[in-house]
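Below is one structure, written out as structure tokens, with a few remarks after it.
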Amino acid sequence: PDTKVLREHPEMLLQDHHGDTVIAPAIPSNWNNLSYKLRSKNGVIIDVIIENGELSKATLTAYADAEFPVYFKDRFLCRISLKKGETVTI
């Protein structure tokens with residue numbers, strides 16, 4: 001992946017609008033392997049690993065109380081509920 005593109009367009013890696021958190025909503029299909037860490041508006045820091053085009057691991061650490069659904073691209077994964085300081089891996 002082009003790191004300049006990622007810095008300029010973080011919404012390719014994470015979107016958190018309307019209460020949903022979407023991991024990798026707009027990454028190109030040829031970006032099969034990447035990892036990144038971003039701060040979400042929904043109250044968590046998300047550390048993501050994508051391998052062979054699929055979500056290998058996502059660790060979410062709450063910097064505030066947070067509750068929201070999580071998607072990978074357009075696929076629903078789970079609903080998260082965390083208190084400040086808690087961590088969950090999906």
Side-chain angles (χ1 to χ4, degrees):
D2 184 336
T3 56
K4 181 180 179 191
V5 170
L6 296 178
R7 281 193 310 274
E8 293 176 358
H9 301 286
E11 68 276 4
M12 293 174 66
L13 303 176
L14 180 69
Q15 291 180 4
D16 48 6
H17 307 294
H18 311 294
D20 296 343
T21 292
V22 184
I23 298 169
I27 61 171
S29 60
N30 62 335
W31 290 8
N32 292 319
N33 300 296
L34 67 145
S35 63
Y36 57 89
K37 183 185 268 189
L38 289 173
R39 184 178 177 114
S40 165
K41 295 175 192 171
N42 288 336
V44 296
I45 295 172
I46 303 177
D47 192 356
V48 174
I49 299 173
I50 296 172
E51 296 176 330
N52 299 316
E54 291 296 322
L55 182 64
S56 174
K57 183 168 116 175
T59 302
L60 295 82
T61 303
Y63 61 84
D65 291 354
E67 186 172 338
F68 53 87
V70 178
Y71 296 82
F72 175 67
K73 298 181 181 179
D74 61 354
R75 187 175 70 230
F76 175 76
L77 296 177
C78 61
R79 184 162 188 82
I80 298 294
S81 181
L82 296 170
K83 298 290 184 196
K84 182 178 179 179
E86 291 182 332
T87 297
V88 65
T89 299
I90 53 176

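Below, all heavy atoms of this structure are taken into account, side chains as well, without hydrogens, waters or symmetry copies.
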My understanding is that only one of I50, V48, I49, N33 makes a side-chain contact (heavy atoms from CB on, under 4.5 Å) with S56; could you say which?
I49

Using a cut-off of 6.0 Å, state whether more than 12 heavy atoms not belonging to N30 lie near its atom CG.
yes

Report yes if the side chains of V70 and I90 come closer than 4.5 Å at any heavy-atom pair, otherwise no.
yes

Mind listing the closest non-hydrogen atom pair of K57 and T89 along with its distance?
CG-CG2, 3.5 Å

Here's one to test your reading of the geometry: is the NZ or CZ of R79 within 45 degrees of the ring axis of F68 and under 6.0 Å from its centre?
no

Do any N or O atoms from the side chain of Y36 and from the backbone of L13 form a donor-acceptor pair under 3.5 angstrom?
yes

Note: I27 and M12 closest approach over all heavy atoms is CG2-O, 3.4 Å

Can a donor-acceptor pair be found between the side chains of D16 and T21 at a distance below 3.5 Å?
no

Separation between CG of D47 and OG1 of T61, rounded to the nearest 0.5 Å
8.0 Å

Which heavy atom of F72 sits nearest to which heavy atom of A24, and what is that distance?
CE1-CB, 3.8 Å

Do you know which two heavy atoms are closest between I45 and K37, and how far apart they sit?
CG2-CG, 3.6 Å

Nearest heavy-atom pair of E11 and P25: which atoms, and what distance?
O-CG, 3.4 Å

Does K73 have more than 12 heavy atoms from other residues, nucleotides or ligands lying within 6.0 Å of its NZ?
yes

Rounding to 0.5 Å, atoms OH (Y71) and SG (C78) come to a distance of 10.5 Å

Supply the atom-to-atom distance N42 CG to H17 NE2, rounded to the nearest 0.5 angstrom.
10.0 Å

Please round to the nearest 0.5 Å and tell me the distance separating atom OG1 of T87 and atom CG of L60.
8.5 Å

Say you draw a straight line from CG of L82 to CG of D65; how long is it, rounded to the nearest 0.5 Å?
9.0 Å

Using atom types as modelled and distance alone, determine if a side-chain donor or acceptor of E86 lies under 3.5 Å from a backbone N or O of K83.
yes

